[in-house]
Amino acid sequence: MNRINGPTILPSILAADFSKMGEEVSAAVESGADGLHIDVMDGRFVPPITFGIQMIKDIKPYMKEVPMEVHLMVHEPITMIPELSDIGVDSVIVHLEACLDLEDTLLAIRSHGMKSGVAVKPDTEIDELESVLDQLDIVLAMTVEPGYGGQAYIASVEPKIKRIRKLIDERDLHTQLEVDGGINESTIKLAYLAGATRFVCGSAIFGPSKNVKTQITKLRQVLDSS
């Protein structure tokens, strides 16, 4: 597999052990993760509160050269962009549903030197997404309702993934298509065949009885055989 141009696996630290976050991040990096996915939740756009700027700062030294992707599940995410840039975040994904002015938010991300992404909930129509698609490095199709980890994959999102894939290909864009939610050894192939190229995996990688390297290897083997 070509790790640069092929499918990308992004462990989500939402499923990691918060009491030893540095060790968990190091394990993912040393096990060949293509990047790390960090979910920031504010208790307003989604019910839970996870972590914010301080946690991102604290784990950045453990990342080495592996890209850091921050998924902002927060209301009006534009306010956090400068601080994320200062930390050295590589890409920022915001929710279409959470931005008062989506184009201004994307402009702020890019003007701070980071890759821009937009996430959409399972039931969100993608009409508004079409108008900004050429401004995006990443589109994230949520395959669960955003918020809590460990939810089951929603297969009914697959037609949306296929539609987004078609739009990207028809416009000959380099936009990457990402999925997040319930992605494991059983579902990663379904999302890949629908057109996704980036896969956020939480409880499929992290857990008390799981070896991070073994879990990442298993996921890659499924993709290699697809």
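Values reported hereafter were calculated over all heavy atoms of this structure, with side chains retained and with hydrogens, waters and symmetry mates removed.
Residues L167 and L193 fall within the same hydrophobic cluster, defined by Ile, Leu, Val, Met, Phe, Trp and Tyr side chains chained together at heavy-atom separations under 4.5 Å. Grouping the Ile, Leu, Val, Met, Phe, Trp and Tyr side chains by contacts below 4.5 angstrom, directly or via other members, places L107 apart from L133. Note on I13: it does not cluster hydrophobically with L10, by side-chain heavy-atom contacts below 4.5 Å among ILVMFWY residues. Linking Ile, Leu, Val, Met, Phe, Trp and Tyr whenever their side-chain heavy atoms come within less than 4.5 Å leaves L14 and I93 in two separate clusters. Cluster annotation: L129 and I138 are assigned to distinct hydrophobic clusters (Ile/Leu/Val/Met/Phe/Trp/Tyr, side-chain heavy-atom contacts under 4.5 Å, transitive).
A pairwise comparison of heavy atoms in G195 and L177 identifies O-CD2, 3.6 Å as the closest pair. Residues F45 and V74 come closest through the heavy atom pair CB-C, 3.8 Å. Here the closest non-hydrogen pair linking E185 and L219 is N-CD2, 3.8 Å. Taking both residues in full, the closest heavy atoms of I183 and C201 are given as CG2-SG, 3.7 Å, listed atom of the first, atom of the second, then distance. L140 and H71 make their closest contact through CD2-CE1, 3.6 Å (heavy atoms, listed as atom of the first residue, atom of the second, distance). Scanning both residues, T187 and G182, for their nearest heavy atoms gives OG1-O, 2.7 Å.
Under the 4.5 Å side-chain criterion, counting only non-hydrogen atoms from C-beta, E125 is not in contact with V120. Between M80 and V40, the closest side-chain pair of non-hydrogen atoms falls below 4.5 Å. Looking at heavy atoms from C-beta onward, I38 lies out of side-chain contact with V89 at the 4.5 angstrom threshold. Side-chain contact check for V144 versus M142: some heavy-atom pair is nearer than 4.5 Å. When side chains are defined from C-beta on, R110 counts as touching Q135, because their heavy atoms get closer than 4.5 Å.
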Q) Hey, mind stepping through I87 and V70 against side chain to side chain contact (heavy atoms under 4.5 Å, CB included) and telling me if it holds? A) CA-CA 11 Å; I87 294 170; V70 173; over 6 Å; no
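In this structure, the side chain of S226 engages the main chain of V222 through a donor-acceptor pair within 3.5 Å. A donor-acceptor pair under 3.5 Å is formed between the side chain of S85 and the backbone N or O of H112. Judged by distance alone, with hydrogens and angles left aside, the side-chain atoms of Q215 form a donor-acceptor pair with the main-chain N or O of A204 at under 3.5 Å. Between the K160 side chain and the T124 main chain, a donor and an acceptor come within less than 3.5 Å of each other. For K210 (side chain) and S203 (main-chain N/O), a donor-acceptor pair under 3.5 Å exists by modelled atom type. Remark: side-chain polar atoms of T105 are paired, donor with acceptor, to backbone N or O of D101 under 3.5 angstrom.
Here the CG atom belonging to L72 is positioned 6.0 Å from the CD1 atom belonging to I81, to the nearest 0.5 angstrom. Interatomic distance, R171 CZ to D134 CG, rounded to the nearest 0.5 Å: 6.5 Å. The distance from the CG atom of N184 to the NZ atom of K218 is 11.5 Å, given to the nearest 0.5 Å. Taking OG1 of T197 as the start and CD1 of I161 as the end, the distance is 10.5 Å to the nearest 0.5 Å. Between the OG atom in S19 and the CD atom in E24 there is a gap of 8.0 Å [rounded to 0.5 Å]. Annotation: the span from R163 atom CZ to I126 atom CD1 amounts to 4.0 Å, rounded to 0.5 Å.
Qualifying side chain to side chain donor-acceptor pair (under 3.5 Å) partners for D58, counting only residues two or more places apart in sequence or in other chains: Q54. Looking at residues two or more places apart in sequence or on another chain, you find a side-chain contact (heavy atoms from CB on, under 4.5 Å) between D137 and K115, S116. Considering only residues two or more places apart in sequence or on other chains, K121 meets the salt bridge (Lys or Arg N to Asp or Glu O under 4.0 Å) condition with none of them. A search for side chain to side chain donor-acceptor pair (under 3.5 Å) contacts involving S156 returns nothing, not counting sequence neighbours. Every residue two or more places apart in sequence or in another chain that forms a side chain to side chain donor-acceptor pair (under 3.5 Å) with Y153 is listed here: E158. Residues forming a side chain to side chain donor-acceptor pair (under 3.5 Å) with E30 (at least two apart in sequence, or on another chain): none.
In the model, T8 has no side-chain atom that pairs as donor or acceptor with a side-chain atom of Q176 under 3.5 Å.
Residue Y192 qualifies as open at atom OH: its count of foreign heavy atoms under 6.0 Å is 12 or below.
Looking at R44 and E76, no side-chain N of the basic residue comes within less than 4.0 Å of a carboxylate O on the acidic one, giving no salt bridge. By the 4.0 Å N-to-carboxylate-O rule, D90 lies too far from K60 to be salt-bridged with it. Taking a cutoff of 4.0 Å between a charged side-chain nitrogen and a carboxylate oxygen, D224 and R220 do not qualify as a salt bridge.
When each of I205, D180, D39, V179 is tested with V200 by the rule side chain to side chain contact (heavy atoms under 4.5 Å, CB included), just one qualifies, namely D180.
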